[in-house]
Number of protein chains: 2
Amino acid sequence: MATPNISLTVDAIVFGYEPKEGLSVLLVKRKYPPFKGRWAIPGGFVKEKESLEQAVERELEEETGVKVNYLEQLYSFGNPKRDPRSRIVTIAYYGLVRSANFELFAATDAEDAQWFHLSELPKLAFDHQKILDYALERLRSKVGYQPIGFKLLDKKFTMEEIHHLYEVIYGRKLDRRNFRKKFLKLEILEELEEKSGGGRGRPGSYYRFDEKKYLALEKKGMTFEV
Amino acid sequence: MATPNISLTVDAIVFGYEPKEGLSVLLVKRKYPPFKGRWAIPGGFVKEKESLEQAVERELEEETGVKVNYLEQLYSFGNPKRDPRSRIVTIAYYGLVRSANFELFAATDAEDAQWFHLSELPKLAFDHQKILDYALERLRSKVGYQPIGFKLLDKKFTMEEIHHLYEVIYGRKLDRRNFRKKFLKLEILEELEEKSGGGRGRPGSYYRFDEKKYLALEKKGMTFEV
DNA sequence: AAATATTCTCGTATTTTGTACGCAAATTAA
DNA sequence: TTAATTTGCGTACAAAATACGAGAATATTT
């Protein structure tokens, strides 16, 4: 009755973001065959007593030292031939972290886990490129109707930062002034006293995503749309 | 290394539609414990050499005799406690069929598999109510931006029928004239010569969904939106 | 057969939303 | 001090969504 010959893994596409760098993806180098030496997305077998999300977080911690700020189930991939060894079905997740380059190197050695800029991806093991494509598509559509973009930024951020983030994710220019208007009209940002010094030109306010306000408005039927 | 103690199943929420009845869901009565005698959504263990979609279609055929017209992966449910016997992770799908009441009774006896109107659902086994809620939410959002509503109707249908379908799925009134305008402007419907006789009032044209036209327009960046 | 009711189809007016873009204010760099 | 840069506000125009009037085609009632 049971299915002892099918194994279950979880894998995670983790997106990181740095204002100057843009979007990057966290990959690990495989130590054993098949695809020994190839880059792959982190993941591994689910243990019997842990939830799927716990499994993802554990594997990420073990293999890369990264703790994600947001985690969402993506899709399950179960093609019988996707792993040359045996039947392995994987439940793929994607995660978001801020300050990409920071947290990583502490917990692991840079040989095994690295951030790759989206435009400089190596060839990936298994069907991982397909999973990555799927994740990117999901991210692109989801930032438009759910406030998850903030998970890629620091708690406080300027209009310029979030504007640039959306331009990077969508891969096209967005009018700065209209973007601002639209975003502020949602009434889910809290403007802080502090201004962004340092850069050139007039400093802009810092903002913070007000999750409580968002949840209250969401309940009333408001829809986040960018 | 492997995970022999986790089993993998697939389950499917199948939505049927009849103009007079509205939306219904296909359920099967459980023959064995746990939850013996309770209604549940059809599904079962995945075999080693079949794809996930094949598994869904096989189980549906075996348990209910229904062949779906559309099938889409929904979400994977893996809470360690979701099955009281052992760790069973399920990959849930949802499917759509037209002429709900028709195909069912031929292949199975009505005792075991039945359509339930959405407003008259029995208490379900396991976490199946949660899966059903999830499926309904997905259906509601997806009919708005993908042309899957047609899969619930006959090949030819009137404006009144598809209009009513959307009202049922959304659970609210939609202005008939604006709905018509919007739908026709998409240019994915082929108007047929035939008119709908029989009913009261002026007969309306039959239409057919033109999939080729839709795919061509989609490639050009057109977006279906209702 | 005529009058009435029902439903489809076309059309128009109004409101809302999206887009393009000008320009003063605040700051840094020269 | 002047020039360059960036923020923040506002306005004009275009496009899309919504409300709804009314004639055409058919069935039903009288």
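This one's a predicted model, so the numbers in the text were calculated from it and none came from an experiment.
Salt-bridge check for A:K213 with A:E187: failed, with every basic side-chain N at 4.0 Å or more from each acidic carboxylate O.
Between the P atom of C:dT19 and the CZ atom of A:R176 lies a distance of 17 Å, rounded to the nearest Å. Spacing between atom CD of A:E191 and atom P of D:dT7 amounts to 13 Å, rounded to whole angstrom units. Atom CZ of A:F179 and atom P of C:dT19 are 13 Å apart (whole Å). In this structure, A:R180 atom CZ and D:dT6 atom P are separated by 16 Å, rounded to whole Å.
Few gaps surround NZ on A:K195; more than 12 heavy atoms of other groups in view lie less than 6.0 Å from it.
In this structure, B:Y214 and B:F209 have tilted ring planes: the angle between them lies in the 30° to 60° band.
Side-chain atoms of A:T90 do not come within 3.5 Å of backbone N or O of A:A92 as any donor-acceptor pair. One N or O on the side chain of B:D175 and one on the backbone of B:N178 form a donor-acceptor pair closer than 3.5 Å. Distance alone, capped at 3.5 Å, is enough to place a donor-acceptor pair between the B:H128 side chain and the B:I41 backbone.
Atom CD1 of B:I13 sits about 13.0 Å away from atom CD of B:E72, to the nearest 0.5 Å.
Here A:S205 does not reach the OP1 or OP2 of D:dT7: none of its side-chain N or O atoms lies under 4.0 Å away.
Toward the 5′ end of DNA chain C lies the nearest nucleotide of B:L184, the other residue of the pair A:N178 and B:L184 mapping further downstream.
The side-chain tip of A:R172 points at the ring of A:Y170 from less than 6.0 angstrom away and within 45° of straight on.
The minimum heavy-atom distance between B:L152 and B:V97, with the atom names listed, is CD2-O, 3.5 Å. Here the closest heavy-atom approach between residue A:G95 and residue A:V68 is recorded as CA-CG1, 4.2 Å. Contact record, B:E161 with B:Y17: O-OH, 4.0 Å, taken as the closest heavy-atom pair.
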List every contact pair, protein side and nucleotides 25-30 of chain D side both N or O, where the distance is under 3.5 Å.
{"residue": "D:dA25", "atom": "O4'", "partner": "B:R202", "partner atom": "NE", "Å": "3.3"}

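Contacts with DNA chain C (heavy atom under 4.0 Å) in residues 153-175 of chain A: A:D175, listed by number.
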### Query
Which letter, B, S or -, goes with each nucleotide of nucleotides 13-18 of chain C from 5' to 3', with contact meaning a protein heavy atom under 4.0 Å?
------

